[in-house]
Amino acid sequence: MPFSSDLFCDGIVFAVSILFSKWSLTAEKIQELLVICGISNCCDEPIKQHILGISDFIRQTRQEVGITDPPPLRTPTASPDPEAKHGSYRFLPTPEKRSRADYTGLDAPSHKKKRKNKVKAKDKTTLKEMSQGMNDAVPPIEGNIPTDSPSTDEANTAMNLPRAGTPLTDVYTHQGGKVPHSIVENILVNCIKLNDPLGRYGHCSKQAIVTTKVEAIQSFVDGIVKLQYPDAVQLIKQENAFSASKSIQSRFNETVYWEIIKKGAELLDPKDLPTSKGPLDEFTMAEKVATERFMREAGYGLSLANQRQCRLFWKRLFEMRNAGVDKILLYRTKEFDRFCKSYSSEAGASLVEMVRNWEKRYAFHIKQLEERVVEESKGGFTGRLWLSQSLVADRLRVPENAWNSATNPWFSSVEETVFQLSGSHEPSAVTLGGFFDLQPKAETMRNKSIFVILQPKDDVFLTVCPIISVQEGDTLGRFAGVIRYSSECSVVYGIPGPEENL
């Protein structure tokens with residue numbers, strides 16, 4: 001279809017006219033656009049009518065404003081500056097590609113920088129090394145609460161932990177990243193894991209013979225086999241308890257390493273110290289030399305990266321202990337250690353203050369866990385330990401002799417008879433109480449009854465809440481009471497059972 005010169009107005013109309021000159025192609029492209037918009041059953045005729053309407057609109061508009069001359073033809077322009085376009089002409093329109101090439105400036109030196117394989121951080125630690133420290137610190141999805149791994153090169157801000165006794169969430173962030181709520185939860189689990197063997201053997205102190213001689217270790221094991229069953233089991237319980245105790249002791253020992261290193265730094269002569277190299281940090285040259293000397297004599301690896309990491313980590317543990325952090329340092333996990341090592345020293349929030357906040361909120365609950373583990377390790381699941389807390393005992397008003405795990409008698413013989421006549425019943429195989437599926441991480445444990453606590457709500461009532469996150473299918477303990485089979489059930493004083501009227 002021919003078009004007059006009045007259809008052309010500017011560069012945009014020039015491009016439109018090219019499409020009009022290829023009527024079929026224009027209709028095809030518009031039809032493809034309609035398909036993308038969800039209109040797939042449109043024929044070509046309506047599209048052609050719209051094209052004609054656009055043509056008439058442009059022609060009439062140009063006549064109204066008095067434009068009669070055709071627009072000037074576009075002439076090819078010179079090739080762009082190679083420096084500004086990086087020497088590439090593939091983005092140019094077709095007419096410009098056909099113009100004469102201009103090679104001016106191509107002999108200039110290139111300013112493109114080579115990419116380095118590793119981007120160094122300000123503290124000389126590569127981002128790869130920092131990210132590897134947190135790779136396995138991220139737990140899977142816990143319930144409906146996803147846990148995100150913190151980016152180790154991001155700055156951290158203080159956590160706003162919930163009130164003690166409430167489950168942890170991901171509400172506390174540090175400049176765009178989230179701190180895994182599993183850090184504190186796994187410390188609570190580790191408290192259970194380490195105190196379980198201590199409770200089974202009993203709290204006691206004994207001078208044990210420990211040897212570094214391999215032949216003596218083998219001889220000791222041969223002696224265990226010769227013991228009678230009760231004596232062998234008791235000895236194994238003792239060894240497991242001492243092993244857990246040594247693990248706790250080793251964790252707490254590291255909190256004083258930096259203090260020992262500082263004593264070693266004071267013994268060094270400043271004249272014998274090497275010249276400081278590299279950017280300044282929070283450590284003096286004497287402290288760096290003393291750290292290397294301590295690690296060599298204590299048997300640690302002496303790579304520069306390991307020295308830098310241990311120096312920073314031990315100093316932070318020392319500062320936490322001086323700030324009053326006690327319980328968390330006893331049961332800290334590898335996840336906690338990795339988080340402390342990778343915490344940015346340039347973050348606006350203080351790591352020591354953050355951990356001190358954790359200690360302030362959870363130290364009391366960790367102490368409760370220590371006591372409850374001892375009782376449950378010996379088979380006591382009554383929970384009578386709560387009665388030793390006056391704030392709980394005053395609100396419960398339950399006689400101590402009624403706080404037991406004895407079998408629940410029927411309210412009357414009539415109710416028992418009605419229940420027996422209601423059909424066949426099978427006892428549940430689910431074990432209540434205890435921590436029989438103790439796992440290294442919180443999200444893998446299903447029986448979380450030991451983490452359910454009683455906390456005063458006001459002057460009259462108590463609140464039952466977990467101190468770690470829970471998900472569907474977790475066991476949260478059992479309620480003490482009497483089994484009733486009655487048509488009159490009050491939801492205030494009773495819990496409906498799986499059977500009707502139970």
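The CG atom of L462 lies 10.5 Å from the NZ atom of K457; values are rounded to the nearest 0.5 Å. With rounding to the nearest 0.5 Å, the separation of CD in E353 from CG in N357 is 7.0 Å. Atom CD1 of I187 is separated from atom CG of L369 by 12.0 Å, given to the nearest 0.5 angstrom. Atom CD1 of I450 and atom CD of E375 lie 10.5 Å apart (nearest 0.5 Å). Atom CG of N322 is separated from atom CG of L317 by 11.0 Å, given to the nearest 0.5 angstrom. Of the inter-residue distances, the one linking N186 atom CG with C191 atom SG reads 12.5 Å to the nearest 0.5 angstrom.
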Next on the checklist: Show, in sequence, the C-alpha distance, side-chain angles and deciding distance for V470 and F451, and conclude whether the side-chain contact (heavy atoms from CB on, under 4.5 Å) test is met.
Outcome noted: CA-CA 10 Å; V470 297; F451 300 105; over 6 Å; no

I would like to know whether V374 and L198 meet side-chain contact (heavy atoms from CB on, under 4.5 Å); could you show each step before the answer?
CA-CA 7 Å; V374 173; L198 300 182; over 6 Å; no

Would E259 and K263 count as a salt bridge (Lys or Arg N to Asp or Glu O under 4.0 Å) here? Give the steps. CA-CA 6 Å; E259 190 171 2; K263 292 180 180 180; 5.1 Å; no

Between R316 and E319, does a salt bridge (Lys or Arg N to Asp or Glu O under 4.0 Å) hold up when you go through it step by step?
CA-CA 5 Å; R316 289 176 173 176; E319 293 173 347; over 6 Å; no

Worksheet entry | Intermediate values then yes/no, side-chain contact (heavy atoms from CB on, under 4.5 Å), V392 and L387 | CA-CA 6 Å; V392 174; L387 297 179; 5.6 Å; no

_Under the criterion side-chain contact (heavy atoms from CB on, under 4.5 Å), I'd like the reasoning laid out for I183 against W358: C-alpha separation, chi angles, the key distance, then a yes or no._
CA-CA 10 Å; I183 291 180; W358 297 352; 3.7 Å; yes

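For the pair E292 and K288, the minimum side-chain heavy-atom distance is 4.5 Å or more. Inter-residue side-chain proximity for V464 and L454 is flagged as met; some heavy-atom pair is nearer than 4.5 Å. When side chains are defined from C-beta on, N240 does not count as touching R200, because their heavy atoms never get closer than 4.5 Å. In this structure the side chain of P440 never reaches within 4.5 angstrom of the side chain of V189, judged on heavy atoms. No side-chain heavy atom of R446 sits under 4.5 Å from any side-chain heavy atom of T475. Side-chain contact check for L329 versus E254: every heavy-atom pair is 4.5 Å or farther apart. Using a 4.5 Å cut-off on side-chain heavy atoms (C-beta onward), F242 and Q238 make contact. Within the 4.5 Å cutoff, the side chain of V355 has heavy atoms near those of the F336 side chain.
Cation-pi check for K237 over Y201 is not met; the charged atom does not lie both under 6.0 angstrom from the ring centroid and within 45 degrees of its normal.
Remark: side-chain polar atoms of R395 are not paired, donor with acceptor, to backbone N or O of P456 under 3.5 angstrom. Under a 3.5 Å cut-off, the side chain of T291 and the backbone N or O of E287 do form a donor-acceptor pair. Side chain of N306 to backbone of G301: a donor-acceptor contact under 3.5 angstrom is found. In this structure a side-chain-to-backbone donor-acceptor pair under 3.5 Å is missing from S245 to A241. Side chain of R332 to main chain of R251: a donor-acceptor pair is present (N/O by atom type, distance under 3.5 Å, no hydrogens or angles).
More than 12 heavy atoms of other residues, nucleotides or ligands shown are found within 6.0 angstrom of NZ on K341. Around the CD atom of E282, the shell of radius 6.0 Å holds more than 12 heavy atoms that belong to other residues, nucleotides or ligands. Heavy atoms from other residues, nucleotides or ligands lying under 6.0 Å from CG of L302 number more than 12.
When all heavy atoms of R372 and S449 are compared, the pair lying nearest together is NH2-O, 3.6 Å. Residues R321 and T255 approach most closely at CD-OG1, 3.1 Å, considering heavy atoms. Contact detail for Y300 and F294: the closest heavy-atom pair is CE1-CE2, 4.5 Å. Contact record, K327 with E359: N-OE2, 2.9 Å, taken as the closest heavy-atom pair. The two residues E185 and S469 have their closest heavy-atom pair at OE2-N, 2.8 Å. Taking both residues in full, the closest heavy atoms of I467 and Y362 are given as O-CE2, 4.2 Å, listed atom of the first, atom of the second, then distance.
F220 pairs by the side-chain contact (heavy atoms from CB on, under 4.5 Å) definition with I224, L235, E239, not counting sequence neighbours. Taking F252 as the reference, nothing meets the ring pair (Phe, Tyr, Trp, His ring centres under 6.0 Å) condition, with sequence neighbours excluded. Qualifying side chain to side chain donor-acceptor pair (under 3.5 Å) partners for Q389, counting only residues two or more places apart in sequence or in other chains: Q368. Residues passing the side chain to side chain donor-acceptor pair (under 3.5 Å) test with D459: none are found, sequence neighbours excluded. Under the rule for a side chain to side chain donor-acceptor pair (under 3.5 Å), N190 has no partner lying at least two apart in sequence or in another chain. For S377, the side chain to side chain donor-acceptor pair (under 3.5 Å) partners two or more places apart in sequence, or in a different chain, are D196.
The side chain to side chain donor-acceptor pair (under 3.5 Å) with S182 is formed by just one residue from the set E335, E443, K441; it is E335.
Side-chain polar atoms of D222 and Q218 form no donor-acceptor pair below 3.5 angstrom.
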